[in-house]
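Below is one structure, written out as structure tokens; comments come after it.
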Amino acid sequence: MAPTVNPTDTAERLAFYERIGRNNLAPLWTSLAKLVTPEPQSACEPASWRFSDIRAAMLEAGGLITAKEAERRVLILENPGLRGESRITTDLYAGVQLVLPGEVAPAHRHTQSALRFVLEGAGAHTSVAGERTTMNEGDFIITPPMAWHDHGNASNQPVFWLDGLDIPLVQFLDASFAEHLDVDEQPISRPEGDSEARYGTNLLPVDYKGGTGNSPVFNYPYLRTREALERMRRAEPWDACHGLKMRYTNPASGGHAMTTIGTFVQLLPQGFSSVTYRSTDATVFVPMEGRGRTRVGDDFVVEWQKRDIFVVPSWKSVRHEADEESVLFSFSDRPVQEALHLFREKRGDRE
Ligand code: GTQ
């Protein structure tokens with residue numbers, strides 16, 4: 001039974017609460033119903049951002065501060081239900097980062113995990129733990145906890161990418177550590193493509209033991225992902241909720257690519273209209289191809305196109321409609337919920 005008690009406040013009770021409050025005590029019976037809810041009750045709201053708006057604001061930011069002075073020139077995507085808290089969902093952070101031609105975002109490292117999903121640009125780079133990788137549109141790139149990372153742009157066009165980090169989760173756990181390197185760019189110790197060769201071709205070094213749980217492959221190029229979806233669609237029936245949805249994995253374990261953030265990509269054929277789906281992992285979506293709309297709960301509809309960003313809170317129903325063939329990248333805290341046996345999903349009912 002769901003707790004529904006809502007005791008009335010008598011003068012005598014209020015005086016008691018006030019008196020015990022001075023000893024840092026509080027009654028449970030006045031807050032039980034909002035602490036232990038029959039279903040998720042989140043301050044996180046459905047929300048969306050148009051890339052054209054973000055892009056214009058970012059270019060303005062580009063005229064106000066350099067990547068070096070800012071350390072990271074990022075505009076945070078703040079959930080409207082969580083303003084001022086630097087969160088897009090209750091436990092995840094998202095921002096859009098701009099690196100202009102010739103700029104460097106200097107090397108640092110921290111316990112927070114980061115993902116990059118490249119929105120626009122070609123030929124910028126990020127270096128992670130001694131290896132550089134090129135950033136092209138749609139690439140999904142991982143920065144594991146405490147890996148040194150710096151970003152640079154030697155191309156002749158601005159590069160914009162989405163950062164997804166577990167900042168609020170690490171904050172909640174009081175486990176933040178961070179440090180700076182004394183040079184802007186970390187020393188490179190391995191050639192570009194080294195991780196891919198070692199870990200990303202269905203081979204592993206014979207004594208590889210699995211490391212930290214994060215994938216040793218740190219760039220999942222869009223071209224390969226897209227090609228996989230294209231080949232699979234020929235043989236795979238469309239899933240009523242997801243179209244054709246895949247998760248990015250750590251090839252050494254088969255688990256999620258990152259320990260705290262689950263990352264996914266899905267293909268929706270033209271005209272697809274999904275069956276209602278809900279899950280406990282609030283999810284950030286980024287369409288990278290196509291055009292359509294997503295209905296969240298009963299009263300939120302986002303009309304999206306390429307590079308827009310939207311967020312679906314925990315346990316809100318989701319329905320996607322694709323006007324054109326579309327590809328959606330998404331991320332959530334699913335690995336954390338799975339590890340704690342808290343993850344739940346429900347297919348097919350209406351709110
Ligand atoms: O690129 O290292 O959006 O440390 C927030 C914190 C990006 C980064 C963010 C970060 C970074």
Side-chain angles (χ1 to χ4, degrees), residues 49 51 54-55 57-59 61-62 64-79 82-100 103-121 124-136 139-154 158-173 175-186 188 214 218-220 257-261 263 284 286 307 309 311 329 331-333:
W49 293 262
F51 181 68
I54 298 175
R55 190 182 195 280
M58 295 262 19
L59 287 175
L64 290 174
I65 191 162
T66 62
K68 189 172 159 77
E69 189 192 349
E71 185 163 333
R72 295 295 183 263
R73 189 203 288 112
V74 174
L75 293 179
I76 302 170
L77 306 182
E78 289 206 321
N79 189 284
L82 303 163
R83 289 303 306 276
E85 298 182 38
S86 308
R87 311 191 211 179
I88 191 161
T89 70
T90 303
D91 62 4
L92 293 176
Y93 156 103
V96 174
Q97 182 157 175
L98 165 65
V99 183
L100 290 167
E103 285 192 319
V104 170
H108 69 194
R109 63 177 187 168
H110 39 69
T111 48
Q112 291 82 357
S113 299
L115 69 84
R116 329 281 168 199
F117 184 73
V118 184
L119 297 169
E120 186 194 308
H125 61 268
T126 182
S127 301
V128 179
E131 185 177 330
R132 179 179 273 204
T133 192
T134 304
M135 306 177 93
N136 291 314
D139 291 356
F140 157 56
I141 297 164
I142 298 173
T143 307
M146 287 317 267
W148 290 110
H149 53 286
D150 49 87
H151 319 300
N153 185 358
V159 60
F160 299 85
W161 67 78
L162 179 70
D163 286 318
L165 286 89
D166 54 9
I167 290 174
L169 178 68
V170 174
Q171 192 174 40
F172 181 73
L173 298 171
S176 177
F177 292 89
E179 54 190 312
H180 296 93
L181 207 58
D182 49 14
V183 288
D184 284 351
E185 295 182 285
Q186 66 184 292
I188 296 300
N214 288 285
F218 72 108
N219 189 346
Y220 294 72
M258 305 172 71
T259 54
T260 54
I261 308 181
T263 47
V284 178
V286 191
R307 304 184 175 109
I309 298 161
V311 56
F329 172 82
F331 68 93
S332 76
D333 64 7

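Both counts, for ligands and for their atoms, begin at 1 and track the order of listing. Model, not experiment: these values are computed from the prediction.
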Counterpart residues, side-chain contact (heavy atoms from CB on, under 4.5 Å), relative to A154 (two or more places apart):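 In terms of side-chain contact (heavy atoms from CB on, under 4.5 Å), with neighbours along the sequence ignored, A154 is linked to no residue.
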Is the side chain of D139 donor-acceptor paired with the backbone N or O of V118 at a distance under 3.5 Å, no angle test? no
Partner set under ring pair (Phe, Tyr, Trp, His ring centres under 6.0 Å) for F117, not counting sequence neighbours: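 Expected list: F329.
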Side-chain donor-acceptor contact under 3.5 Å, Q112 with S176: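 Yes - a donor-acceptor pair under 3.5 Å links their side chains.
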Could you point out which residue of E179, H149, H180 forms a side-chain hydrogen bond (donor to acceptor under 3.5 Å, both in side chains) with H110?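 Considering E179, H149, H180, a side-chain hydrogen bond (donor to acceptor under 3.5 Å, both in side chains) with H110 is found only for H149.
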List the residues meeting side chain to side chain donor-acceptor pair (under 3.5 Å) with E103, not counting sequence neighbours, and say none if there are none.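 By the side chain to side chain donor-acceptor pair (under 3.5 Å) rule, E103 matches R73.
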Near ligand 1, which residues have a heavy atom under 4.0 Å away from one of its atoms?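 Heavy-atom contacts below 4.0 Å: R72, V74, Y93, Q97, H108, H110, R116, H149, H151, D163, L165.
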